[in-house]
**Student:** 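One structure, pasted below without further comment.
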Amino acid sequence: MNFLQVRIPHPLPGKYIERILGKVSKKITVEGNYSGQLAGIIREETGILMDYFILKWNGRPMSADEVYEPCSISFKTGPKQGRC
């Protein structure tokens, strides 16, 4: 399992992200908004689609369980486009 945190979305380091995400089989985005905005920007800049989205949009911080549970489910299933 690897982790990539995009701290500065503009200018997006597209080539670097493309190099890192191009090597992985499952891509999961964890975001604090309804639409997965960063995943959309990454797709726009690199053409890489995320396999799973873990989204929380009520303004409260995510707990470790809110990230761990969907990630463990996604690792048990095959890659597909969907929300955890």
Side-chain angles (χ1 to χ4, degrees):
M1 180 186 314
N2 293 316
F3 173 80
L4 173 67
Q5 180 180 12
V6 179
R7 297 182 62 154
I8 302 173
H10 185 71
L12 187 76
K15 297 292 184 197
Y16 175 74
I17 292 173
E18 192 171 0
R19 185 169 38 115
I20 299 298
L21 293 181
K23 299 176 185 177
V24 298
S25 59
K26 288 187 184 181
K27 294 165 282 301
I28 302 169
T29 185
V30 179
E31 296 189 46
N33 61 72
Y34 179 77
S35 62
Q37 295 169 335
L38 181 60
I41 293 170
I42 290 172
R43 180 180 179 185
E44 182 180 315
E45 294 288 325
T46 65
I48 295 174
L49 294 122
M50 297 295 137
D51 298 311
Y52 295 94
F53 297 84
I54 301 171
L55 306 174
K56 184 171 182 178
W57 56 87
N58 64 359
R60 302 197 30 96
M62 284 191 198
S63 68
D65 289 337
E66 289 174 316
V67 176
Y68 175 79
E69 290 296 322
C71 281
S72 65
I73 292 168
S74 69
F75 284 121
K76 293 176 185 174
T77 62
K80 61 184 176 192
Q81 290 289 318
R83 292 178 187 254
C84 297

**Student:** If you measure from CD on Glu44 to CG on Leu12, what distance do you get to the nearest 0.5 Å?
**Tutor:** 9.5 Å
**Student:** What closest approach, in Å, do Gly32 and Met62 show between heavy atoms, and which atom pair accounts for it?
**Tutor:** N-CE, 4.4 Å
**Student:** To the nearest 0.5 Å, how far apart are OG1 in Thr29 and CG in Leu4?
**Tutor:** 9.5 Å
**Student:** Would Leu55 end up clustered with Tyr68 when hydrophobic side chains under 4.5 Å apart are linked, directly or stepwise?
**Tutor:** no
**Student:** In chain order, what residues pass the salt bridge (charged side-chain N to carboxylate O under 4.0 Å, His left out) check against Glu66, with sequence neighbours excluded?
**Tutor:** Lys56
**Student:** Please find the pair of heavy atoms, one from Gly22 and one from Ile48, that lie closest to each other, and give the distance.
**Tutor:** N-CD1, 4.2 Å
**Student:** Transitively linked via ILVMFWY side-chain contacts under 4.5 Å: Val24 with Ile17?
**Tutor:** yes
**Student:** For Gly14 and Thr46, work out which heavy atoms get closest and say how close.
**Tutor:** O-CG2, 3.5 Å
**Student:** Is Ile42 linked to Ile20 within one hydrophobic cluster, defined over Ile, Leu, Val, Met, Phe, Trp and Tyr using a side-chain heavy-atom separation of less than 4.5 Å?
**Tutor:** yes
**Student:** Which heavy atom in Leu38 sits nearest to a heavy atom in Pro9, and how many Å separate them?
**Tutor:** CD1-CB, 4.5 Å
**Student:** Find out if a path of hydrophobic residues (ILVMFWY) with successive side-chain heavy-atom gaps under 4.5 Å connects Ile8 to Leu21.
**Tutor:** no
**Student:** Quick one: do Ile73 and Tyr52 end up in the same hydrophobic cluster if we chain Ile, Leu, Val, Met, Phe, Trp and Tyr together by side-chain heavy atoms under 4.5 Å apart?
**Tutor:** no
**Student:** For Asp51 and Ser74, what are the C-alpha separation, side-chain angles and deciding distance, and is it a side chain to side chain contact (heavy atoms under 4.5 Å, CB included)?
**Tutor:** CA-CA 9 Å; Asp51 298 311; Ser74 69; over 6 Å; no
